[in-house]
Amino acid sequence: MRDTSKHQGLRNQLANQLKEKGITDERVLEAVRKVPRHLFLNSGFEDFAYQDKAFPIGAGQTISQPYTVAFQSQLLEVQKDHKILEIGTGSGYQTAILCVMGAKVYSVERQNELFKQTSILLPKLNIRPKHLSFGDGYKGLPNHAPFDSIIVTAGAPIIPQALMAQLKIGGRLVIPLGEKHQIMTMLIRKNATQFEKHEFGEFRFVPLLENKN
Ligand code: SAH
């Protein structure tokens, strides 16, 4: 578990690249400068950690591309102490970015292997989400709802109704929608029944899979 000044330098460069690509939220860029992404990849792949690319993390899944993580985090307009639900913990990198931004993060992962691995990794890095759970993200976490915002980090064929129901009024749901490619979509909850929809172009994710347990 080594984090050196070389890694710090690479992170600064990555944050600069993300800025050039249009990420303007300084709190997001600051979190990118802080979270040691190389420790979220298997050792041996360190050299890839600070390239702006997705990368395999086991169980057929990927750690999202830094630009995608930054883009979704920016859409959430994270405030300190916001209660955020993440669907698809995966490597925990996105979870860590939101924690470092001061959010109270609740995250759900359906691959047991990744759930276990990430539950061990995050505390070692002194990153403490409020709650990590193993289960089906389509259902959200009704016992912990409502949330200030919800982020889905896998490509969803539909918007899960349960997630819409677990959002506070004024809250944001950021979800990549579609099968082969996804359109980054944000729903803002206006009141009990109305949601305002915004779309932000194409991204690529591994699929949000249904009911494994
Ligand atoms: N945020 C992660 C992205 C991982 S890829 C990161 O930064 O590394 C998407 C993750 O979503 C995978 O780990 C996959 O197992 C998980 N996933 C897919 N379908 C799911 C579901 N229905 N519920 C919870 N997690 C799911």
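Start at 1 with the first residue, then count along the sequence.
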Between [Y] and [X], is there a side-chain donor-acceptor contact under 3.5 Å, judged purely by atom types and distance?
X: Ser64; Y: Gln94; answer: no
X: Asn16; Y: Glu20; answer: no
X: Glu109; Y: Thr89; answer: no

Going from [atom1] on [X] to [atom2] on [Y], what distance comes out if it is rounded to the nearest 0.5 angstrom?
X: Gln17; Y: Tyr67; atom1: CD; atom2: OH; answer: 12.5 Å
X: Met164; Y: Ile175; atom1: CE; atom2: CD1; answer: 9.5 Å
X: Leu76; Y: Glu86; atom1: CG; atom2: CD; answer: 9.5 Å
X: Leu132; Y: Thr95; atom1: CG; atom2: OG1; answer: 6.5 Å
X: Met186; Y: Met184; atom1: CE; atom2: CE; answer: 11.0 Å
X: Thr185; Y: Leu75; atom1: OG1; atom2: CG; answer: 10.0 Å

Just do the side-chain hydrogen bond (donor to acceptor under 3.5 Å, both in side chains) check on Arg128 and Asn126 with the steps written out, would you?
CA-CA 6 Å; Arg128 305 187 186 279; Asn126 210 13; 3.1 Å; yes
Quick check on the 6.0 Å ring-centre criterion: do His38 and Tyr50 meet it?
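Yes, the ring of His38 comes within the 6.0 Å limit of the ring of Tyr50, centre to centre.
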Looking at Thr153, Leu208, Ile151, which hits side-chain contact (heavy atoms from CB on, under 4.5 Å) with Ile87?
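Going through the options one by one, the only one that passes is Leu208.
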Which residues pass the side-chain contact (heavy atoms from CB on, under 4.5 Å) test with Asp81, not counting sequence neighbours?
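Listed in chain order: Lys104.
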Hey, is Arg110 close enough to Asp136 for a salt bridge, meaning N to O under 4.0 Å?
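Asp136 and Arg110: not salt-bridged.
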salt_bridge(Arg33, Glu26) N-O dist < 4.0 Å:
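A salt bridge links Arg33 with Glu26.
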Return yes if some donor-acceptor pair links the side-chain N/O of [X] with the main-chain N/O of [Y] below 3.5 Å, else return no.
X: Thr118; Y: Gly90; value: yes
X: Glu77; Y: Gln74; value: no
X: Gln65; Y: Gln51; value: no
X: His82; Y: Gln79; value: yes

Ile169, Phe147: one ILVMFWY side-chain cluster at the under-4.5 Å cut-off?
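Looking at the clustering, Phe147 is in a separate group from Ile169.
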Among Arg37, Arg11, Lys21, whose salt bridge (Lys or Arg N to Asp or Glu O under 4.0 Å) with Asp52 holds?
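Testing Asp52 for a salt bridge (Lys or Arg N to Asp or Glu O under 4.0 Å) against Arg37, Arg11, Lys21 leaves exactly one candidate, Lys21.
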Of Lys168, Arg172, Lys83, which meets salt bridge (Lys or Arg N to Asp or Glu O under 4.0 Å) against Asp148?
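The option that passes is Lys168.
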